[in-house]
Amino acid sequence: MSAVSDRLPTFPWDKLEPYKKTAAAHPGGIVDLSVGTPVDPVPELIQKALVDAADSPGYPTVWGTPALRDAITGWVERRLGARDVTHRHVLPVVGSKELVAWLPTQLGLGPGDKVAFPRLAYPTYEVGARLARAEYEAYDDPTDLDPTGLKLLWLNSPSNPTGRVLSKADLTRIVAWARDHGVLVVSDECYLELGWEADPVSVLHPDVNGGSYDGLVAVHSLSKRSNLAGYRAAFLAGDPSVLGPLLEIRKHGGMMTPAPTQAAVVAALGDDEHVRVQRERYAARRTVLRGALLGAGFRIEHSEASLYLWATRDESCWTTLAHLADRGILVAPGDFYGPAGENFVRVALTATDERIQTAADRLKA
């Protein structure tokens with residue numbers, strides 16, 4: 001066991017504990033804008049679907065029910081503009097984090113293979129490469145990478161942590177480059193429905209991929225758009241020649257989305273109204289928090305989409321973290337996402353209206 005754990009970095013969130021204690025000691029209580037976990041209620045129609053499927057004594061299937069696959073293919077075509085999506089083009093997963101962490105291993109990557117991800121990125125991309133004993137490299141522009149040995153290219157648009165959105169032209173250029181070099185592109189699009197000053201586009205859109213899903217897989221999650229982080233509900237869509245073998249591997253590994261969650265996902269993907277309502281909540285919170293940060297002397301970069309504001313006072317992120325913790329506000333240090341984030345903090349919009357307003361008031365004081 002130690003041989004596996006020794007491959008991994010220190011779990012980053014453990015480093016926040018002293019700052020969390022400081023923030024929690026504030027007379028008005030902590031405003032936790034760090035992890036970005038949803039706080040709003042699960043929509044009633046989704047809860048009802050879960051409850052109605054609660055009597056599920058048998059094993060669920062890894063590929064999901066036909067109703068789930070129908071819901072995913074329908075959503076991918078309706079929302080992402082994809083065409084001719086069949087059941088072979090989709091695969092449910094048990095939340096997106098387990099997929100990100102174990103995908104290099106499930107693809108059979110190992111020593112001598114390379115995984116690439118953005119310079120500022122979700123730390124689990126690197127963790128997945130480490131678990132597989134593959135090499136890894138961070139990039140600014142993936143087309144500048146040496147493609148030798150590169151087997152998996154992660155894209156993330158909208159970005160966690162920066163909220164940056166890749167344009168349709170950039171996505172088209174990157175996909176063409178990856179295909180020229182035989183590199184699998186896996187696009188983490190979990191925040192795609194949360195564009196504010198940009199309209200994010202999927203790699204599954206025909207304008208990007210030319211009508212072919214060869215060498216392309218998109219990752220989508222219901223954690224943020226439907227407040228289902230506790231349900232572990234996500235899915236893949238794209239190249240059947242990639243998803244087919246993954247399905248077989250995941251069958252052997254017992255990576256099954258629970259049957260009640262599958263039913264809840266069917267309900268969630270079939271209803272756009274709750275997504276609109278949740279977007280409006282986040283948009284209002286973003287306006288309040290963004291104005292307060294700018295008024296307090298912060299500079300915000302990118303942040304045109306996703307559930308975070310990428311903010312800086314042009315100092316060490318840990319200095320900023322301490323400054324905010326003294327005011328009862330906990331945020332995430334930018335260097336969690338790579339050395340390039342050392343002077344930034346990631347500020348999540350995932351708190352109640354009351355807590356967001358409290359943070360804004362404290363920033364003004």
Side-chain angles (χ1 to χ4, degrees), residues 1-20 34-37 62 91 93-140 142 144-156 159-162 178 181-188 190 217 219 221 223 229 232 234 236 242-243 245-256 317-318 321 332-342 344 346:
M1 287 299 296
S2 63
V4 176
S5 62
D6 287 349
R7 295 179 212 159
L8 304 178
T10 302
F11 188 62
W13 296 102
D14 291 343
K15 300 177 186 177
L16 282 190
E17 282 307 311
Y19 301 90
K20 188 173 184 178
S34 59
V35 176
T37 188
V62 172
L91 178 63
V93 295
V94 193
S96 59
K97 184 169 185 175
E98 67 89 355
L99 181 280
V100 173
W102 293 107
L103 182 61
T105 298
Q106 291 175 8
L107 290 172
L109 306 190
D113 298 322
K114 188 166 61 180
V115 176
F117 44 78
R119 181 82 55 198
L120 285 163
Y122 184 44
T124 312
Y125 303 138
E126 179 182 327
V127 166
R130 286 176 176 248
L131 286 170
R133 295 181 177 172
E135 299 171 14
Y136 53 88
E137 183 175 352
Y139 64 78
D140 292 310
D144 292 334
L145 291 165
D146 179 354
T148 305
L150 180 60
K151 299 295 178 64
L152 172 57
L153 174 62
W154 282 106
L155 302 182
N156 182 208
S159 162
N160 174 15
T162 68
H181 296 287
V183 178
L184 173 65
V185 172
V186 181
S187 180
D188 181 345
C190 289
V217 174
V219 183
S221 167
S223 292
R232 310 316 302 137
L236 309 179
V242 177
L243 299 189
L246 281 179
L247 172 59
E248 295 306 312
I249 291 165
R250 294 172 68 84
K251 284 180 181 178
H252 284 289
M255 293 179 168
M256 302 172 282
C317 58
W318 294 97
L321 196 72
D335 65 5
F336 276 13
Y337 308 95
E342 64 184 0
F344 285 80
R346 192 195 73 170

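Quantities reported herein were computed from a predicted structural model and do not represent experimental measurements.
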- Task: Check step by step if side chain to side chain contact (heavy atoms under 4.5 Å, CB included) holds for Val127 and Val100.
- Result: CA-CA 9 Å; Val127 166; Val100 173; over 6 Å; no
- Note on the structure: Residue set satisfying salt bridge (Lys or Arg N to Asp or Glu O under 4.0 Å) with Lys15, at least two apart, ordered chain then number -> none
- Query: With sequence neighbours left out, what residues match Pro123 under side chain to side chain contact (heavy atoms under 4.5 Å, CB included)?
  - Reply: Tyr337
- Item | Closest contact, heavy atoms only, Leu91 versus Leu243 | CD2-O, 4.2 Å
- Task: State, to 0.1 Å, how close Ser96 and Cys190 come at their nearest heavy-atom pair, and which atoms those are.
- Result: OG-SG, 3.9 Å
- Item | By side-chain hydrogen bond (donor to acceptor under 3.5 Å, both in side chains) - contacts of Asn160 (at least two apart) | Arg346
- Message: Any non-hydrogen side-chain atom of Val217 less than 4.5 Å from a side-chain atom of Val185?
- Response: no
- Item | Pair Trp102-Ile249, side chain to side chain contact (heavy atoms under 4.5 Å, CB included): steps then yes or no | CA-CA 11 Å; Trp102 293 107; Ile249 291 165; over 6 Å; no
- Message: Checking Asp144 now: which residues fulfil side-chain hydrogen bond (donor to acceptor under 3.5 Å, both in side chains) with it, not counting sequence neighbours?
- Response: none
- Query: Would a 4.5 Å heavy-atom cut-off, applied to side chains only, mark Glu342 and Pro333 as touching?
  - Reply: no
- Which atom pair, heavy atoms only, marks the closest approach of Ala121 to Pro118? CB-O, 3.3 Å
- Query: Who passes side-chain hydrogen bond (donor to acceptor under 3.5 Å, both in side chains) against Thr124, sequence neighbours left out?
  - Reply: none
- Note on the structure: By side chain to side chain contact (heavy atoms under 4.5 Å, CB included), Lys151 pairs with (sequence neighbours left out) Leu109, Asp113
- Residues in salt bridge (Lys or Arg N to Asp or Glu O under 4.0 Å) with Lys114, at least two apart? Glu137
- Side chain to side chain, Leu131 and Pro104, heavy atoms closer than 4.5 Å: no
- Message: For the NZ atom of Lys97 and the OG atom of Ser221, what is their distance to the nearest 0.5 Å?
- Response: 12.5 Å
- Note on the structure: Nearest heavy-atom approach of Pro161 to Ser159 is N-OG, 3.6 Å
- Note on the structure: Those residues at least two apart in sequence (or on a different chain) that pass side chain to side chain contact (heavy atoms under 4.5 Å, CB included) with Ser187 are Leu155, Glu189, Val203
- Take Val93 and Glu98, measure what side chain to side chain contact (heavy atoms under 4.5 Å, CB included) needs, and give me the verdict at the end. CA-CA 8 Å; Val93 295; Glu98 67 89 355; 3.7 Å; yes
- Partner residues of Trp13 under the side-chain hydrogen bond (donor to acceptor under 3.5 Å, both in side chains) criterion, sequence neighbours left out: none
- Heavy atoms, side chains only, cut-off 4.5 Å: are Tyr136 and Tyr125 in contact? no
- Would you please name every residue forming a side chain to side chain contact (heavy atoms under 4.5 Å, CB included) with Lys251, sequence neighbours left out? Val62, Leu247, Glu248
- Task: For residues Trp154 and Tyr122, establish whether the separation of their ring centroids is below 6.0 Å.
- Result: no
- Message: Please identify which of these residues, Leu153, Asn156, Leu152, meets the side-chain contact (heavy atoms from CB on, under 4.5 Å) condition with Val186.
- Response: Leu152
- Query: Arg133 versus Thr105: any side-chain heavy-atom pair under 4.5 Å?
  - Reply: no
- Residue set satisfying salt bridge (Lys or Arg N to Asp or Glu O under 4.0 Å) with Asp140, at least two apart, ordered chain then number -> Arg119
- Mind checking what makes salt bridge (Lys or Arg N to Asp or Glu O under 4.0 Å) contact with Glu126, not counting sequence neighbours? Arg130
